[in-house]
Amino acid sequence: MEITSRSMLYTHPIKRTTTCNCSYSHATLNHPPSRFYPSSSPHLSVFSGSNNFIGKSLRTRRLTALNSPSRSDNDSPQELAVLLEVEGVLVDAYRSTNRQAFNEAFRKLGLDCANWTEPVYSDLVRKNAANEERMLIMYFNRIGWPTSLPTNEKESFIKSVLRQKKKASDELMVSQSLPLRSGVEDFIDNAYNEGIPVIILTAYSKSGEEIARSIINKLGPERISKVKIVGNEETRQSLYSEVVRAQAKYSGLEEELAKEAIKAASAEKQRIAKKVASALKLSVEINTTSSESLEKIICALRAGAEIANIPVSNCILIAGTQSGIDGAERIGMPRIVLRSSLTSRAEFPSANAIMDGFGVGGLTITRLRQKTWS
């Protein structure tokens, strides 16, 4: 996504009015709510790191991916597995659907005066660090708010737009018009031809597992037969999840209280961050991924390694999200960020490498085997 270098809200021919003459329906307010630069580490040194996991082997073959000691490159030069996230990796959904989803939301809410062209959208993204709530507020402050909207209902109005935008985005995600990222099909084919297991993760997809699986269907039946999909059910049936559930069964009240305290602290951090950001007109990002969410991601990553029957230290996560990177770092899994339009300006200091895409000059199976990046 190309970001304009100057404010298009002032140069683009949008007529500024004191009020937006839109037929906004108040009924919608009552509906329920439905970084980055090249890594400084050119070598994926964690490939040879150890992976510690407690517990004796109940099912030896399945436990290999969880508890086997890592092997040196000389001992097993071909042993490798690739784990792919869906959003930001299989598809660049933000680039392909976000602006269109906003315009569709405007249309459904009867906001005929609102339409985001590419220059206007790019300027709003740049000025508000992609914070969608702030983008909407800035936009309607410029063109005027709907005439039928009371001042004290602006916050509810913004939330209703975001709900409609989410619905529209989900519909676009599953449509045939959403393209796969260039080179991803060749990447999967090359991995299959070289005997490298490819695992696609849907268990912690931001858009939900159903939408993630519909995106995978774009690969076609033949290519889907070359990969394994790890969703909620596959994660639940993994040996690691069974061990986690067994441990949780015997956890005491003290541990449960600790979890609740962590959740409360996370929520308070987020509240304070938003308040500070609003006062200073800054974009403040705090990683508030709950311990419960992180554990879910870790379980999915462990399940992927287990299904591939490859040690975690020899599995490589190709991620489009910070949460995936956090989970992989926690268990010592190598991790590569694939740039998308959403993360084009984000930083991922804990990633082993950051790349623009698949193919020549980007991510290839050959470069994975070499374990080096420029």
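Count residues from 1 along the sequence.
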Legend entry - Minimum heavy-atom distance Glu85-Gly320, with the two atoms named: OE1-N, 2.8 Å
Legend entry - Presence of salt bridge, Arg369 and Glu194, under 4.0 angstrom: yes
Legend entry - Contacts of Lys154 that satisfy side-chain hydrogen bond (donor to acceptor under 3.5 Å, both in side chains) - sequence neighbours left out: none
Inset, instruction - Report, as yes or no, whether the 6.0 Å neighbourhood of atom NZ on Lys226 holds more than 12 heavy atoms from other residues, nucleotides or ligands. - result: yes
Legend entry - Gap between atom CD1 of Ile196 and atom SG of Cys315 - 0.5 Å precision: 11.0 Å
Legend entry - Under the side chain to side chain contact (heavy atoms under 4.5 Å, CB included) test, residues paired with Glu171 that sit two or more places apart: Lys108
Legend entry - Single-linkage hydrophobic cluster Ile307~Tyr192, side-chain heavy atoms < 4.5 angstrom: no
Inset, instruction - Answer with yes or no whether the side chains of Ser160 and Gln164 bring together a donor and an acceptor at under 3.5 Å. - result: no
Inset, instruction - List the atom of Gly324, the atom of Leu301, and the distance in Å for their closest heavy-atom pair. - result: O-CD1, 4.2 Å
Legend entry - Partners passing side-chain hydrogen bond (donor to acceptor under 3.5 Å, both in side chains) against Ser205 (at least two apart in sequence or in another chain): Glu87
Legend entry - Asp326 and Arg330 ion-paired at < 4.0 Å: no
Legend entry - Pair Asp170 + Lys167: basic N to acidic O under 4.0 Å: no
Legend entry - Short N-O contact, Glu155 and Lys159, less than 4.0 angstrom: yes
Inset, instruction - Please determine which of Leu83, Leu363, Leu84, Ile336 meets the side-chain contact (heavy atoms from CB on, under 4.5 Å) test together with Ile316. - result: Ile336
Inset, instruction - Apply the side-chain contact (heavy atoms from CB on, under 4.5 Å) test between Arg213 and each candidate in Thr202, Val86, Val174; give the one that qualifies. - result: Thr202
Legend entry - Donor-acceptor pair, side chain of Arg99 and main chain of Tyr121, under 3.5 angstrom: no
Legend entry - Any residue meeting side-chain hydrogen bond (donor to acceptor under 3.5 Å, both in side chains) with Asn232, in chain and number order, not counting sequence neighbours: Glu209
Legend entry - Sequence neighbours excluded - salt bridge (charged side-chain N to carboxylate O under 4.0 Å, His left out) pairs with any residue from residues 178-187: Glu185-Arg223
Inset, instruction - Applying ring-ring contact (aromatic ring centres under 6.0 Å, His included), name anything that partners Tyr204, two or more places apart in sequence or on another chain. - result: none
Legend entry - Considering all heavy atoms, the nearest Ile216-Ile200 contact: CD1-CG2, 3.4 Å
Inset, instruction - Please say whether more than 12 non-hydrogen atoms of neighbouring residues, nucleotides or ligands are located less than 6.0 Å from NZ in Lys228. - result: no
Inset, instruction - Of all the heavy-atom pairs spanning Leu368 and Leu80, show the shortest one and how long it is. - result: CB-CD2, 4.3 Å
Legend entry - Closest contact, heavy atoms only, Met173 versus Ser207: CE-OG, 3.4 Å
Inset, instruction - Mark yes when over 12 heavy atoms from residues, nucleotides or ligands other than Glu233 sit less than 6.0 Å from its CD; otherwise mark no. - result: yes
Legend entry - Nearest non-hydrogen partners of Ala300 and Ala203, listed with the distance: CB-CB, 3.9 Å
